[in-house]
Amino acid sequence: MTYNHKKIEQKFQKVWADKKVFKVSEDAKKKKYYVLEMFPYPSGKLHMGHVRNYSIGDSVARFKRMQGFNVLYPMGYDALGMPAENAAIKNKTNPDKWTKQSMKQMTEQLKQLGLSYDWDRTVATCDPAYYKWNQYVFTKLFDKGLVEKRPAPVNWCPKCKTVLANEQVESGKCWRCKAEVEIKNLAQWFFKITNYAEELLSDIDDKLTEWPERVKTMQKNWIGKSKGVNLKFPIVDSDKVLEMFTTRVDTLWGVTFVVLAPENPLVEELVKGTKYEKDVKEFVKKVVLQDKFERTAENKEKEGLFIGRYAKNPATNEDIPIYIGNFVLMEYGTGAIIAVPTHDQRDFEFAKKYKIPMRVVISPEGHELNPDKMIRAYMDEGVLCNSGEFNGWNNKEAIPAIGEWLEKKGWGERTTQYKLRDWLISRQRYWGTPIPIIYCEKCGAVPVPEKDLPVKLPTDVKFEGKGNPILSSKTFVNTKCPKCKGKAERETDTMDTFVDSSWYWFRYCDPNNIKKPYDKSSVKYWNPVDQYIGGIEHAILHLLYARFYTKATRDLGLHTIDEPFKRLLCQGMVIKDGAKMSKSLGNTVDPKEIINKYGADTARMFMLFTALPEKELEWNEQGVDAVYRFLKRMYMLVEDYKPQATSHKLQALKSRDKYILAKTHSTIGKVTGFIKKFQLNVAISTLMELVTELNKYSKDSKPEVMQEGLEKLALLLSPFAPHLAEYFWEKLGKKDFVSLAKWPEPAKKYLDESFERGETLARKTVTDMRQVRELIGEEKNKTEIFIAPEWKHEVYVGVRAGKQIKDFMQDEKLRKYGKDIAKYVPTLMKRKEQLKETIMSQKEELKVFEESKQWMEEVSGCSITFSKAEDSNDPKAKSADVEKPGILFY
RNA sequence: GCGGGGGUACCAGAGCCUGGUCAAAUGGGUAGGACUUAAGAUCCUAUAGCUUAGUGCUUUCGAGAGUUCGAAUCUCUCCCCCCGCACCA
């Protein structure tokens, strides 16, 4: 019999499906556990990253289910988005058709993996019944003022022909197609995520205690909170006041110039009619035309210009020259900065270039800095000088004090700045949720009333790859105003697809609700998601949006959840030949082929065994093969075993039996621990150890013990290789599903300390000692193994047969066994620690051996008598300074 | 620059939190053996160095120092690598 993975896997996939084994429903009596994987974009083909993601998720789901939790483990499709639309353009079909076809294919592939989803809860975001609720929430947020349309410089991807949110621009390139992003000024819809900046930030530390550190840091950086002061410098010869944000009020006395962003509207005003106007305008034009990303690129040389005006630093009463500079960004703070060249590297470079004077206001303890001799800004801590009444303060300690002082004087206000920008959700594409807004000449932008939702995507659309296809629909755009019934036009922008994925896990809780996005109580029962699993690439984008949307919909009263994902795992990438698997590199491996050749169990187990979930996984066919062999080995083990129909009583146990039981039960403990810690690879390696032991044991086993070992093995294997485990379970005479069986607990009575302790060496020795006897012969009296303690805590071990020790020693096998036994002795004695602490007297040593005697007899299957080493027949033993007691095994 | 994570035997990768049972799991590779007509599969053994009849000894977990009876594990310093963010005032 060989391991026929296809037959086994098909069989159990069918049974699981037929009997709806993994269907769940709310059950107030049971503790719930929600395992969620980032749902895939239905490209039509599963890739290895998916397989990895879902293998991890499924093993957690199965583990928790067996532990008695009511496990919600759903799957769906993030079905709206560009690829479908591009495919439609390419094939001149409809995205809807293409997407549905893809979803079908993917579902089939997912089912082949044997994932324990509740398929009755599937959702697809392209379903109007789903995106209706995007629109519903949009209109509610609109009413609340959390949505707004406004013109803004936006990131425009010329290839996708749509705008992108800030988060979707990666070093100047489109996150999806990698095309260079351009900046355009357009009127766009925004979700006011910035209103939630503070909560999004503070909850990271307060509530996301089980998130990976690096994701939390990335989010914190992205939100980018800084506390500081909005300084107010009156502009000389003007009634205008220049506002500038700074976190470093301690350097206020060192300000020798200020810099405005070239786009700052004040600039034009200030230079109007002066001799500087022409130069300034030219410079502004040059910089603004320059790509935003080019401008802010690394090591970009600082450039700027004096604009001929001054502002008064109220702290020093000095007139400070105003510059404009390319390194100042309009979109952060007030688009203007104070410049302290002595204590800020950028200002330093700028000042050096334009020969602006500098003044030191912070000195390192003990010596004075000379601004003329500085080669770089001094940014460390120090003592304030030239700073009026704050002279002598530590600069860090002075910051709050100066802030307060400025506020009192009315020269500034303490404020907080965030880097986070509002979430731009408009997309000029077809395959997304239509934004439910109607423009009426009289009433303005009017949200579509709930009764008219969903606003469905038009079907009379041409896909030609130019502009927004929705514009080509005759029936869509023209409509009536819901308020005044007058002539009106629909918004043709659709929503960013990240909106779709910002609440799908709530929908899983109540996927068929037609009256509401979801039932409040269902959401309350299942949420928050206990374990969320997905790629690190969503560390900011999706995870930040999802957190925001959760808070926003909570405030709409739709549910009461603050944070959607309790615990997060970001699995590593699957790589091959040192690079991420990708079509363009041609280093992809199709999961389908692997499943065909080796089976789903192997594919899944390989994913789990080869690397820690968070780490990169290097694809390696040899490794796949190794896992396959392991499964096969287990298969053979079970196949060769004759199940015990009777309820087994574990009695009359020999040491080997006890050892196997101890091993089995310690494995239960370890595997459970490792799964909890997500060290799935280690969990599997522990199983491998057990299998090796069972394999050895199987040659001469006590059936009840074997049954116990194999049963536990099947249970422990179930999260990783569910089909095979299910097969084993059946083989072992069980009538139910191992997938629904109770997760085992290690039984204390089998965890005999003496077996536990010396486990590793014992497993060899136990068999080795028996084999020594077998090899040497039946006549017990001719066999002699001696172990004699030497000086201090070392031990002599000798093995020989009869009187002819030389004959015996020439036998290589026996020498090896002897060696192993010898290795085991210190462990066996259980007294290594004591032996190390004190040099024991001979009597004590003897006692140690005495205590161990019984155990050793069991282990070796030999009877043991004590004798003195000098009584040994071995001349070497006699001579080797062994006047001390020893043990002879006969 | 700021932040996060690392450096373990031929390779991958556990062990570090909770110090001793660690020459250090597991898998791969390599070598030898059993089985086989053969191949494959399977099984066994070895795999830092030296040495023994047996034990043992020396050197090892990025480098150095420290704490300790005892350090891969704890502390400090240094070196190196990877990954995020980055002219954010």
Side-chain angles (χ1 to χ4, degrees), chain A residues 2 171 212-218 220-222 224 226 228 244-248 251 259 295-302 325-329 331-340 344-347 349-350 379 417-419 536 539-540 609-612 614-616 618 620 622-623 625-627 629-630 632-633 636 670 674 679 681-682 684-689 692 695-696 699 756-761 764 785-788 790 794-800 805-806 808-810 812-816 818-823 825-827 830 832-833 836-837 874-877 880:
Chain A
T2 50
S171 51
E213 217 44 56
R214 71 173 164 153
V215 175
K216 292 203 277 184
T217 322
M218 280 162 85
K220 279 187 208 164
N221 285 344
W222 190 262
S226 32
M244 290 166 295
F245 178 74
T246 183
T247 53
R248 294 290 307 271
T251 62
V259 191
R295 183 174 142 201
T296 56
E298 218 177 330
N299 306 327
K300 178 75 189 171
E301 175 145 8
K302 282 153 197 55
N326 63 345
F327 67 103
V328 178
L329 309 170
E331 59 267 37
Y332 184 76
T334 57
I337 61 161
I338 56 166
V340 186
D344 182 290
Q345 189 57 27
R346 292 156 297 171
D347 301 347
E349 285 167 32
F350 194 85
M379 320 246 271
Q417 280 287 338
Y418 298 91
K419 281 195 251 179
I536 185 75
I540 295 172
F609 175 65
T610 306
L612 215 59
E614 296 93 329
K615 297 206 171 156
E616 272 184 359
E618 171 84 40
N620 173 354
Q622 212 165 42
D625 208 62
V627 170
R629 286 205 303 268
F630 170 59
K632 204 152 62 173
R633 215 178 306 148
M636 296 307 288
K670 284 184 196 166
F674 288 132
Q679 297 189 314
N681 55 339
V682 191
I684 293 170
S685 82
T686 312
L687 281 181
M688 286 172 167
E689 279 182 66
T692 308
N695 224 345
K696 283 184 188 164
K699 281 165 199 127
E756 260 275 88
R757 282 203 154 194
E759 196 179 282
T760 319
L761 280 163
K764 288 177 187 160
I785 304 168
F786 76 88
I787 302 176
E790 206 218 355
E794 277 115 37
V795 181
Y796 276 119
V797 173
V799 187
R800 65 194 187 106
I805 189 161
K806 276 180 188 167
F808 162 65
M809 280 310 167
Q810 276 161 7
E812 244 191 65
K813 235 184 232 170
L814 285 175
R815 280 172 64 177
K816 264 180 202 160
K819 208 171 161 183
D820 278 334
I821 294 164
K823 269 191 195 168
V825 168
T827 319
K830 296 199 285 181
K832 197 166 177 185
E833 284 160 53
K836 274 192 170 175
E837 270 170 26
D874 181 358
K876 283 206 180 177

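Heavy atoms only: backbone and side chains are in, while hydrogens, waters and symmetry mates are out. The shown structure was predicted, so the numbers you read here are calculated from the model rather than taken from an experiment. Per chain, numbering begins at 1; letters A, B, ... match sequence-line order.
Phosphate proximity of B/A89 to A/Arg346: absent, as no side-chain N or O sits under 4.0 Å from OP1 or OP2. For the pair A/Asn695 and B/C43, the criterion of a side-chain N or O lying under 4.0 Å from OP1 or OP2 is met. A sub-4.0 Å separation between OP1 or OP2 of B/U26 and a side-chain N or O of A/Thr686 is absent. Taking side-chain N and O atoms only, A/Lys615 has a distance below 4.0 Å to OP1 or OP2 of B/A14. A close approach under 4.0 Å does occur between a side-chain nitrogen or oxygen of A/Arg629 and OP1 or OP2 of B/G28. Between A/Gln622 and B/G27, a side-chain N or O to OP1/OP2 separation shorter than 4.0 Å is absent.
Closest approach of A/Asn695 to A/Arg633, counting heavy atoms only: ND2-CG, 3.6 Å. A pairwise comparison of heavy atoms in A/Glu616 and A/Ala611 identifies O-CB, 3.6 Å as the closest pair. Nearest heavy atom pair, residue A/Val340 against residue A/Asp347, reads N-OD2, 2.8 Å. Closest approach of A/Tyr418 and A/Tyr332 over heavy atoms only: O-CE1, 3.8 Å. Nearest approach of A/Arg346 to A/Asp344, heavy atoms of both residues: NH2-OD2, 2.6 Å. Listed here is the closest heavy atom pair of A/Thr334 and A/Phe245: OG1-N, 3.8 Å.
Whole-Å rounding puts the A/Lys216 NZ to B/G5 C1' distance at 15 Å. Spacing between atom CG of A/Asp625 and atom P of B/G40 amounts to 13 Å, rounded to whole angstrom units. Per the geometry, CD1 belonging to A/Ile536 stands 10 Å off P belonging to B/C85, to the nearest Å. With rounding to whole Å, A/Glu689 atom CD is found 6 Å from B/A25 atom C1'. To the nearest angstrom, P of B/G5 lies 10 Å from CZ of A/Arg214. Put simply, CD1 on A/Ile540 is 12 Å from C1' on B/A86, counting in whole angstrom units. As a whole-Å value, the separation of A/Met379 CE from B/C88 C1' is 13 Å. Between A/Tyr332 atom OH and B/A86 atom P there is a gap of 13 Å when expressed in whole angstrom units.
The residue A/Gln679 sits close only to the backbone: its heavy atoms come under 4.0 Å of sugar-phosphate atoms, none of a base. Nucleic acid contact class of A/Leu612 (heavy atoms, under 4.0 Å, all strands): sugar-phosphate only. Within the 4.0 angstrom heavy-atom criterion, only backbone atoms of the sugar-phosphate kind lie near A/Phe609; the bases stay farther away.
Comparing the C1' positions of B/G28 and B/U67 gives an interatomic distance of 39 Å, to the nearest angstrom. Separating the C1' atom of B/U37 from that of B/A48 is a span of 41 Å, rounded to the nearest Å. The C1' atoms of B/G49 and B/U59 are separated by 8 Å, rounded to the nearest whole Å. Here the separation of B/U47 from B/A25, taken at their C1' atoms, is 16 Å to the nearest Å. With C1' as the reference atom, B/G15 and B/U30 are 25 Å apart, rounded to whole Å. Taking atom P in both B/G32 and B/U26, the straight-line distance is 23 Å, to the nearest Å. Here the separation of B/G5 from B/G20, taken at their P atoms, is 24 Å to the nearest Å. The separation of B/G19 from B/U73, taken at their C1' atoms, amounts to 6 Å, rounded to a whole angstrom.
Counting only heavy atoms from C-beta outward, the side chains of A/Ile540 and A/Met218 approach each other to under 4.5 Å. In this structure, A/Thr247 and A/Gln417 have side chains that are not in contact, with every pair of non-hydrogen atoms separated by 4.5 Å or more.
Taking the six-membered ring where the residue is Trp, A/Phe327 and A/Phe350 present tilted rings, their angle falling between 30° and 60°.
For B/U42, the paired base is B/A34 (Watson-Crick or G-U wobble, both distances below 3.5 Å). Using N1 to N3 plus N6-O4 or O6-N4 for Watson-Crick, or N1-O2 and O6-N3 for G-U wobble, each under 3.5 Å, B/A53 pairs with nothing. The partner of B/U68 cannot be assigned: no Watson-Crick or G-U wobble pair with both contacts below 3.5 Å exists in any strand. Base pairing of B/C2 is made with B/G84, judged by Watson-Crick or G-U wobble geometry with both donor-acceptor distances under 3.5 Å. Applying the Watson-Crick and G-U wobble criteria (two distances, each under 3.5 Å), B/C78 pairs with B/G62. Pair assignment for B/G29 gives B/U47, based on Watson-Crick or G-U wobble hydrogen-bonding distances that are each under 3.5 Å.
Closest contact between the side chain of A/Arg633 and the listed nucleotides B/C88, B/C43, B/G13 involves B/C43. Distance from the side chain of A/Asn221 is smallest for B/G84 among the nucleotides B/A14, B/C87, B/G84. Counting only heavy atoms from C-beta on, A/Val682 has its side chain closest to B/A25 among B/A89, B/G4, B/A25. Of the candidate nucleotides B/G27, B/A89, B/G4, B/G4 has the atom nearest to the side chain of A/Thr217. Of the candidate nucleotides B/C87, B/G84, B/U42, B/C87 has the atom nearest to the side chain of A/Phe327. With B/U26, B/A89, B/C43 as the choices, the nucleotide that has an atom nearest any side-chain atom of A/Ser685 turns out to be B/U26. Of the candidates B/C44, B/A89, B/G84, B/G84 carries the atom nearest the A/Met218 side chain, counting heavy atoms from C-beta on. When each of B/A89, B/C83, B/A41 is scored by its nearest atom to the side-chain atoms of A/Lys632, the top-ranked nucleotide is B/A41. Listed candidates were B/G4, B/U26, B/G3. Nearest to the side chain of A/Met688 is B/U26.
Comparing A/Thr610 and A/Glu213 against RNA chain B, the residue whose closest nucleotide sits nearer the 5' end is A/Glu213. Residue order along RNA chain B, read from the 5' end via each residue's closest nucleotide, puts A/Glu616 first among A/Thr246 and A/Glu616.
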